[in-house]
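Okay, structure first, notes after.
Naming: A, B, ... by sequence-line order, numbering from 1 per chain. None of these values were measured; they are calculated from a predicted model.
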Number of protein chains: 2
Amino acid sequence: MSLDIPDVVIQRLPQYLRSLRAFKNKDIALVSSTNLGAESGVTPAQIRKDLSYFGKFGKQGQGYNVEALTNDLTRILGLDQSWPVILLGVGRLGKAILTYPDFTPEGFYIVSAFDSDPVIVGTKVASITIKPVEQIKTYIRDNNIKIAILAVPGDSAVNLIDEIVQAGVKGILNYAPITPKVPENVQIQNIDPVHSLQTMTFHLSEINSNPNN
Amino acid sequence: MSLDIPDVVIQRLPQYLRSLRAFKNKDIALVSSTNLGAESGVTPAQIRKDLSYFGKFGKQGQGYNVEALTNDLTRILGLDQSWPVILLGVGRLGKAILTYPDFTPEGFYIVSAFDSDPVIVGTKVASITIKPVEQIKTYIRDNNIKIAILAVPGDSAVNLIDEIVQAGVKGILNYAPITPKVPENVQIQNIDPVHSLQTMTFHLSEINSNPNN
DNA sequence: CTGTGTGAATTTTTTCACAGCT
DNA sequence: AGCTGTGAAAAAATTCACACAG
């Protein structure tokens, strides 16, 4: 059906959702694509084109109803449900993720966390008791988990990905600094601060070697 | 000079660098664009095209020398120097970033960290003594800092960005869940796990509503 | 008038395909 | 024979510009 929607478009939708919230907070009930674009850092035409992939949401001459469009985008993104998520790896980073407060209001809740270190297993972080990594596959199957957050070192990550995909995970938020290979029908999103920094320095070096800022 | 290099190309270079390291670890000295592409998840043609923006690095009939290409890409990305970076915000997340071990080997080192909370200021995390936020601008200027990592709550982030940009920062790694507006010549990279998760659920919902996987 | 929705035009990015070097 | 570097072709994404609705 709607499988021909460009991925770049989908990537922008959460942004729009966030911008709409900013308008709602300012008690603005109606926005034009120009308003929304200014807030999102996107051209008005792009907003309209993006939305047009999913239907007609605006009123000509007026714009978009903030609340209605929020609801529509929430539904389109599948955020009208709360997604159970598991965390793999409860080291420094994993602990920070477990105590991260923003997942829940945004449609996600961490239901369980796993680690391979026997010292960590059994301890409690943010009211979640850490389970041994051996139980992952069973847990995923029994609880029909679709999303996993991966916060383990790079070398363990590759094998773990195979395992959890085999068990039924369809979306992975990966913090390991690797480029995982996953089947077509599995979504993967990488969080990679070093990569991000390294793409910045290219421009910064240019600036440095160029007198006129 | 080389200002007409597409940003998508630059975004891929750190990936190539990482793949090259994988080959080096396997003691492979020579790789073809096909090899490198398989490792990076990119087509061979794209690798060759990307590299062609910067010069000729391969030998026809053979491929690329792993070590030489590593050095070239390192230099191109401006990673043949180590970049001093400051951290703004030493809460849960900031602390995790301070103790993150991967920045240093990748060309970055955190030289100082700032916070607005008087309880946190003066304490020591990972051998860095947290400074009061009021000293940021002076510090940036005095030490010619070009890169900042922003790990403060969203509402404080907007103002802070203006301040540090004014003081001379040219690259920001932003962990706040906002879409910052910065001048053209300032690089910004957002780390936004919620946004990443929200783009995944679109596909996951489709899968769910679609019987054939 | 104002601002959406959308085909058409433009620009950007990717892929193709092959000449030429080793 | 093998693989790069690169113009040309194709595909994808963005922007334009305007008919039409409120």
Side-chain angles (χ1 to χ4, degrees), chain A residues 2-16 19-20 23 28-73 76 179 184 199 202-203, chain B residues 2-16 19-20 23 28-73 76 179 184 199 202-203:
Chain A
S2 55
L3 293 172
D4 48 353
I5 294 169
D7 212 66
V8 274
V9 172
I10 295 155
Q11 299 269 349
R12 279 189 293 264
L13 299 186
Q15 184 52 250
Y16 300 158
S19 299
L20 284 167
F23 284 109
I28 294 169
L30 215 59
V31 289
S32 66
S33 56
T34 307
N35 301 151
L36 198 50
E39 180 71 30
S40 318
V42 161
T43 63
Q46 182 138 71
I47 301 239
R48 298 203 300 276
K49 183 61 110 181
D50 284 355
L51 294 179
S52 77
Y53 282 101
F54 304 98
K56 304 183 182 193
F57 305 100
K59 282 212 170 60
Q60 281 159 319
Q62 306 182 48
Y64 303 90
N65 180 292
V66 171
E67 189 167 341
L69 186 55
T70 301
N71 292 340
D72 287 327
L73 287 180
I76 289 166
T179 315
E184 268 270 39
T199 67
F202 172 81
H203 300 283
Chain B
S2 55
L3 292 173
D4 47 354
I5 294 169
D7 213 65
V8 274
V9 172
I10 295 155
Q11 300 269 349
R12 279 189 293 264
L13 299 186
Q15 184 52 251
Y16 300 159
S19 298
L20 284 167
F23 285 109
I28 294 169
L30 214 58
V31 289
S32 66
S33 57
T34 307
N35 300 152
L36 198 50
E39 179 72 30
S40 318
V42 161
T43 64
Q46 184 140 70
I47 301 238
R48 298 202 300 277
K49 183 62 112 180
D50 283 354
L51 294 178
S52 77
Y53 283 100
F54 304 98
K56 303 183 182 192
F57 304 100
K59 282 209 171 63
Q60 281 157 319
Q62 305 182 48
Y64 303 90
N65 180 291
V66 171
E67 188 166 341
L69 186 55
T70 300
N71 291 340
D72 287 328
L73 287 180
I76 288 166
T179 315
E184 268 271 41
T199 67
F202 172 79
H203 300 284

Contacts under 3.5 angstrom, residues 29-43 of chain B side chains, donor-acceptor by atom type, not counting sequence neighbours:
| residue | atom | partner | partner atom | Å |
| --- | --- | --- | --- | --- |
| B:S32 | OG | B:T34 | N | 3.3 |
| B:S32 | OG | B:N35 | N | 3.1 |
| B:S32 | OG | B:N35 | OD1 | 3.2 |
| B:S32 | OG | B:N35 | ND2 | 3.4 |
| B:S33 | OG | B:R48 | NH1 | 3.1 |
| B:N35 | OD1 | B:S32 | N | 2.9 |
| B:S40 | OG | B:S19 | OG | 2.9 |
| B:S40 | OG | B:L36 | O | 2.7 |
| B:T43 | OG1 | B:Q46 | N | 3.2 |

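Nearest heavy-atom pair, A:Y53 versus A:V9, reported as atom, atom and distance to 0.1 Å: CE1-CG2, 3.7 Å. When all heavy atoms are compared, the tightest approach of A:I76 to B:F202 is O-CD1, 3.2 Å.
Whole-Å rounding puts the B:R48 CZ to C:dC16 C1' distance at 10 Å. Atom CZ of A:F57 is separated from atom C1' of C:dG5 by 12 Å (rounded to the nearest Å). The CZ atom of A:F54 sits 17 Å away from the C1' atom of C:dT4 (whole-angstrom rounding).
In this structure, the side-chain hydrogen bond (donor to acceptor under 3.5 Å, both in side chains) partners of B:Q11, at least two apart in sequence or on a different chain, are B:D7. Annotation: side-chain hydrogen bond (donor to acceptor under 3.5 Å, both in side chains) contacts of B:T70 (sequence neighbours excluded): none. The side-chain contact (heavy atoms from CB on, under 4.5 Å) check on B:E67 picks up B:N65, B:N71, with sequence neighbours excluded.
Among residue pairs with one or both ends in residues 51-65 of chain A, none qualify as salt bridge (charged side-chain N to carboxylate O under 4.0 Å, His left out); sequence neighbours excluded.
Rounding to the nearest 0.5 angstrom, the gap separating the CD1 atom in A:I10 from the CZ atom in A:F54 is 5.5 Å. Rounding to the nearest 0.5 angstrom, the gap separating the CG atom in A:L20 from the CD atom in A:Q15 is 10.0 Å. With values rounded to the nearest 0.5 angstrom, B:L51 atom CG is found 10.0 Å from B:R12 atom CZ. In this structure, NZ on A:K49 lies 14.0 Å from CD1 on A:I47, to the nearest 0.5 angstrom. A distance of 7.5 Å separates CG in A:L69 from OH in A:Y64, rounded to the nearest 0.5 Å.
Of all nucleotides in DNA chain D, those with any atom nearer than 4.0 Å to a heavy atom of chain A start and finish, going 5' to 3', at D:dA13 to D:dG22.
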Where do A:Y16 and A:D50 land on the side chain to side chain donor-acceptor pair (under 3.5 Å) test, with the steps shown first? CA-CA 10 Å; A:Y16 300 158; A:D50 284 355; 2.6 Å; yes
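Residues of residues 58-68 of chain B having a heavy atom closer than 4.0 Å to DNA chain D, listed by number: B:G58, B:K59, B:Q60, B:G61, B:Q62, B:G63, B:Y64. In the region residues 32-42 of chain A, proximity to DNA chain C at under 4.0 angstrom, judged on heavy atoms, holds for A:S32, A:S33.
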Scan nucleotides 11-15 of chain C against the protein and return all N/O pairs shorter than 3.5 Å with their distances rounded to 0.1 Å.
| residue | atom | partner | partner atom | Å |
| --- | --- | --- | --- | --- |
| C:dT14 | OP1 | B:R12 | NH1 | 3.0 |
| C:dT14 | OP2 | B:R12 | NH1 | 3.4 |
| C:dT14 | OP2 | B:R12 | NH2 | 2.9 |
| C:dT14 | OP2 | B:Q46 | NE2 | 3.1 |
| C:dT14 | O5' | B:Q46 | NE2 | 3.1 |
| C:dT15 | OP2 | B:T43 | OG1 | 3.1 |

